[in-house]
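Notes follow the structure.
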There are 2 protein chains.
Amino acid sequence: MRAILEAAERVLSRNPAATMEQIAEAAGVARTTVHRRFASREALVDAMAAWATRQFAEAMDAAHTDSTPPLVALYQATANVLRVKIDWGFAMSRALSDDPEVARVHSDVERRCEELFRRAQDAGVLRADVDVVWAKRVYYALCHEAAQDREGDPDAMATRLVDTLLRGVGAGQGL
Amino acid sequence: MRAILEAAERVLSRNPAATMEQIAEAAGVARTTVHRRFASREALVDAMAAWATRQFAEAMDAAHTDSTPPLVALYQATANVLRVKIDWGFAMSRALSDDPEVARVHSDVERRCEELFRRAQDAGVLRADVDVVWAKRVYYALCHEAAQDREGDPDAMATRLVDTLLRGVGAGQGL
DNA sequence: CGAACTTGCGTCATCGATGTTGCAGGTTCT
DNA sequence: AGAACCTGCAACATCGATGACGCAAGTTCG
């Protein structure tokens, strides 16, 4: 069950068009067994999305983004989310689920993330002259990029990521 | 011919698993006509990659990345590449072509990009304590993210992108 | 031991995408 | 007008993925 989901993530992250046969093989079971657990390919992907979304929400919960100082919460959330995203990159990229409960959890996480960025700007952690939406997009892009490194310490990755997000890579003399 | 390539880009960027039928429809021709031009689906995608790669190389050429000051070249290259990437995002993401000539052009662009970043670091535009490889990955990620905006002035987008890349979005007091 | 459950294997039906071909109608150039 | 060319349309064959069975063998409990 979990083994099939994990195998599916492993295979589909490398090749999104992989067949059920390949997924089954990676899970060490017969293809029919996969079909017994998940009525269709779509059902399997939905289950992956549901599982990843729950992990995602738990990662955000653990960071207490609404009660800790913005910068601390940002570090914590980043490290936690990276840990999940490294293992469930494919499932998280297809988070647009039909299941209303999954959609609710997902939009809830989205909301908390935006709220965190707003608080960060109010606290002076984010520059006042940058668009919060753009800042969030940059943050997401960096998380996605960082999660490509499958090896390495998530905490160190989070440190580098947040450092890059806030300070950039320039030497500072501007143009 | 060009119309088919452009239609394929339009359709495949929204849905990479789209059928030849959908591509043909978007191009306003019959499916058989597409098959007459491109022997197989793979041939079509290869042609798209070849076309996009050439556009990519021309965009870099026009920026004169090896003879202008690094910062100027960075702005120019960014704006030029964004213009191409907005219209050929799908084709550029699958730049791993079998055609040796395409592969050569692509690796040549890659080389020039790395050289530009090295020069930027030597000139003090990039911080000396950041890994050049990481900086390049961040830059690519930002280009990819920025290219999602289909409307808007590429020059303004490049300005914001380079500003974010070099200065980040933080207010500067650090942790 | 015996019942309930799960799994692997082989088989089968179906379906959609791909790629090919022949034919008829339309355009362009000479 | 005639030749060469391109296109749309319809039909066809093929192929791989999907999903559904039944059956035999294995396990886990009582």
Side-chain angles (χ1 to χ4, degrees), chain A residues 1-54 87-103, chain B residues 1-54 88-102:
Chain A
M1 190 66 180
R2 273 283 298 277
I4 294 177
L5 290 180
E6 287 169 6
E9 166 62 38
R10 223 175 313 135
V11 172
L12 292 177
S13 65
R14 287 183 186 275
N15 172 24
T19 69
M20 299 292 274
E21 179 70 50
Q22 296 173 280
I23 296 172
E25 187 188 347
V29 299
R31 186 174 64 91
T32 44
T33 301
V34 178
H35 276 110
R36 269 194 271 264
R37 305 288 179 181
F38 308 97
S40 68
R41 182 195 187 82
E42 191 186 356
L44 170 59
V45 174
D46 282 353
M48 291 171 67
W51 173 254
T53 299
R54 214 172 317 137
D87 289 333
W88 297 96
F90 172 82
M92 286 180 73
S93 70
R94 324 227 129 191
L96 303 167
S97 177
D98 296 331
D99 187 336
E101 174 61 13
V102 171
Chain B
M1 190 66 178
R2 275 282 299 274
I4 294 177
L5 288 180
E6 287 169 6
E9 167 61 39
R10 223 176 312 135
V11 173
L12 292 177
S13 65
R14 288 183 186 275
N15 172 24
T19 69
M20 298 293 273
E21 180 71 51
Q22 294 172 281
I23 295 172
E25 187 188 346
V29 298
R31 186 173 63 90
T32 45
T33 301
V34 178
H35 276 110
R36 281 195 192 96
R37 306 290 178 182
F38 307 96
S40 69
R41 182 195 186 83
E42 190 187 357
L44 170 60
V45 175
D46 282 354
M48 292 172 67
W51 173 255
T53 299
R54 213 173 316 139
W88 298 95
F90 173 82
M92 286 180 74
S93 71
R94 322 228 130 192
L96 302 167
S97 178
D98 295 331
D99 187 336
E101 175 61 14
V102 171

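Here is how names work: the chains are called A, B, and so on, in the same order as the sequence lines, proteins then strands, and each is numbered from 1. Excluded from the calculations below are hydrogen atoms, water molecules and symmetry mates; all remaining heavy atoms, backbone and side chain alike, are included.
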For the side chain of [X], counting heavy atoms from C-beta on, which of [options] is nearest?
X: Val29(A); options: dG8(C), dA17(D), dT20(C); answer: dG8(C)
X: Met20(A); options: dT18(D), dG8(D), dA17(C); answer: dT18(D)
X: Thr19(A); options: dT7(C), dG19(C), dT18(D); answer: dT18(D)

Using whole Å, what does the distance between atom [atom2] of nucleotide [N] and atom [atom1] of [X] come to?
X: Arg36(B); N: dT21(C); atom1: CZ; atom2: P; value: 11 Å
X: Ile23(B); N: dG19(C); atom1: CD1; atom2: P; value: 11 Å
X: Met1(B); N: dT7(D); atom1: CE; atom2: P; value: 11 Å
X: Phe38(B); N: dT20(C); atom1: CZ; atom2: P; value: 14 Å
X: Arg41(B); N: dG19(C); atom1: CZ; atom2: P; value: 8 Å

### Query
How long is the span from the CZ atom in Arg41(B) to the CE atom in Met20(B), to the nearest 0.5 Å?
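The CE atom of Met20(B) is 6.5 Å from CZ of Arg41(B), to the nearest 0.5 Å.
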### Query
In Å, rounded to the nearest 0.5 Å, how long is the span from CD of Glu6(A) to CG of Asp87(A)?
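If we round to the nearest 0.5 Å, Glu6(A):CD and Asp87(A):CG are 8.0 Å apart.
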### Task
Find which nucleotide of DNA chain D each of Ser40(A) and Arg31(B) is nearest to by heavy atoms, and output the residue with the more 5' nucleotide.
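Counting from the 5' end, the first nearest nucleotide belongs to Arg31(B).
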### Query
Does Thr32(B) put a side-chain nitrogen or oxygen below 4.0 Å from OP1 or OP2 of dG8(D)?
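False: Thr32(B) side-chain N/O out of range (4.0 Å or more) of dG8(D) OP1/OP2.
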### Task
Would you please confirm or rule out a distance under 4.0 Å between OP1 or OP2 of dC6(D) and any side-chain N or O of Arg37(B)?
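For dC6(D), OP1/OP2 do not have a side-chain N/O of Arg37(B) under 4.0 Å.
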